[in-house]
Protein chains: 2
Amino acid sequence: MRIGELAERAGTTPRTLRYYESLGLLPPADRAGNGYRSYGEEHLRMLEQIRTLQEYGFGLEETRPFVECLRAGHPAGDTCAASLAVYRSKLAEIDAWVERLTAVRAEVAAQLLRAEREAGAEADAGVRPGAEPLCELTAALDGSGRHEEGTPPQ
Amino acid sequence: MRIGELAERAGTTPRTLRYYESLGLLPPADRAGNGYRSYGEEHLRMLEQIRTLQEYGFGLEETRPFVECLRAGHPAGDTCAASLAVYRSKLAEIDAWVERLTAVRAEVAAQLLRAEREAGAEADAGVRPGAEPLCELTAALDGSGRHEEGTPPQ
DNA sequence: GTAGACCTTGACGTACGCGTCAGGGCCAGC
DNA sequence: GCTGGCCCTGACGCGTACGTCAAGGTCTAC
């Protein structure tokens with residue numbers, strides 16, 4: 001199987017496979033006479049392992065023990081001790097993030113409440129009836145919940 | 001106040017202040033006769049606003065409305081509508097992250113349990129008493145809960 | 001007058017996971 | 001033999017928030 005086919009079957013791109021190989025994450029593929037990379041089914045299995053972990057938010061380096069485990073001949077990539085250790089540390093990491101996010105959420109919610117009250121007071125102190133905004137920014141951007149953000153973890 | 005003093009009072013570095021200015025996030029400082037930047041207390045207030053939001057995990061661009069609000073003369077940076085909108089979208093973003101992390105956590109925990117069982121079965125299927133590891137990786141890396149990770153959000 | 005601490009701009013480095021372009025070779029079908 | 005689709009390597013680009021180095025000017029104290 002050539003690189004394009006493997007990439008398609010794994011739902012990724014040739015560029016990505018070459019990148020993994022350059023990292024030493026995937027073992028170097030055999031080469032056909034013309035220099036083209038030649039892959040087997042075991043490569044597909046490794047790739048699927050990597051992609052699954054990636055979807056869970058694992059970094060590429062974190063997937064390495066899983067791939068090594070498969071390369072060592074294990075039927076599954078996650079039954080080696082190193083893989084289990086990565087699972088466990090990922091759980092701890094997620095817990096830490098959730099804890100942090102929860103604390104931040106509470107703090108931001110509190111600030112929002114306070115700011116909303118202050119904004120009301122500020123407006124009342126200004127022009128009473130008519131609701132003239134104090135700065136031109138007040139006109140734009142209201143409504144909540146759209147907006148996109150930089151890469152969320154996981 | 002010169003750049004070094006402001007940086008120190010804000011708990012940051014001169015490089016950071018020049019960077020903010022280059023982004024147009026901080027207004028360009030006045031210049032002394034020798035070309036040195038000259039800052040006032042209002043710059044300190046803007047910087048403190050930025051730093052606080054940064055600690056909550058806001059990106060620099062997300063702090064912009066708060067700084068603009070201060071620049072517009074408001075006593076607080078978060079009483080303008082644009083700032084409130086950022087607060088609200090940040091809350092939504094945090095909620096989305098927590099949701100995703102919680103789902104991933106459950107999935108990883110399930111995989112860990114399964115893998116632990118399979119690892120046990122694999123070991124039993126091999127050498128019964130003596131527990132010889134199947135791959136040399138099994139020897140290294142056990143124990144859970146240490147390990148550091150790339151920038152957590154927030 | 002000179003050492004040392006401050007300031008200036010400009011530019012490259014970092015981590016991550018590739019996308020994309022440049023410049024070329026290989027092979028099948030018409 | 002020519003077009004089109006695949007493959008190759010090498011190298012730069014992206015986004016984020018600066019750190020760090022280079023090469024120089026400025027000011028204070030001794």
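Numbers restart at 1 for each chain; the letters A, B, ... are given by sequence-line order, proteins then strands.
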> Under 30°, 30 to 60°, or over 60°: which ring-plane class applies to B:Y39 and B:H43, parallel, tilted or perpendicular?
Replying inline: perpendicular

> Is there side-chain contact between B:E116 and A:T79, with at least one heavy-atom pair below 4.5 Å?
Replying inline: no

> Taking atom P of D:dT26 as reference, at what distance in whole Å does atom CD1 of B:I3 sit?
Replying inline: 17 Å

>> Over all strands shown, is B:R18 touching base, sugar-phosphate only, or nothing at heavy-atom distances under 4.0 angstrom?
In response: base

>> Please confirm whether the shortest side-chain N or O distance from A:N34 to OP1 or OP2 of C:dC27 is below 4.0 Å.
In response: yes

>> What is the separation between atom CG on B:L26 and atom P on D:dA17, rounded to the nearest whole Å?
In response: 14 Å

> Would one find a side-chain N or O of A:R31 under 4.0 angstrom from OP1 or OP2 of D:dT9?
Replying inline: yes

>> Please report the distance, rounded to the nearest Å, between CG in A:L6 and C1' in D:dC6.
In response: 15 Å

> Can you tell me how far P of C:dA15 sits from CZ of A:F58, to the nearest Å?
Replying inline: 22 Å

> Atom CZ in A:R9, atom CG in A:L44: separation rounded to 0.5 Å?
Replying inline: 5.0 Å

>> Assuming nearest nucleotide by heavy-atom distance, tell me which of A:G33 and B:G4 is located more 5' along DNA chain C.
In response: B:G4

> Roughly, in whole Å, what's the span from CZ in A:R64 to P in C:dG17?
Replying inline: 11 Å

> OP1, OP2 of D:dT16 versus side-chain N and O of B:Q54: anything below 4.0 Å?
Replying inline: no

>> Determine whether B:Y87 and B:F66 satisfy the following criterion, ring-ring contact (aromatic ring centres under 6.0 Å, His included), listing intermediate values before the conclusion.
In response: CA-CA 10 Å; B:Y87 272 157; B:F66 296 78; 5.1 Å; yes

>> Taking the nucleotide of DNA chain D with the nearest heavy atom to each, does B:Y36 or B:T16 sit closer to the 5' end?
In response: B:T16

> Given atom CG of B:L17 and atom C1' of D:dA17, what is their separation to the nearest angstrom?
Replying inline: 13 Å

> Starting at CZ of B:R15 and ending at C1' of D:dA22, how long is that distance when rounded to a whole Å?
Replying inline: 14 Å

> Between A:Y19 (OH) and D:dG13 (C1'), how many Å, whole number?
Replying inline: 14 Å

> Looking for any heavy atom pair under 4.0 Å, which part of the strands does B:R37 touch: base, sugar-phosphate only, or nothing?
Replying inline: sugar-phosphate

> Just checking, B:K90 and B:F58: is the charged tip under 6.0 Å from the six-membered ring centre and within 45° of the axis?
Replying inline: yes

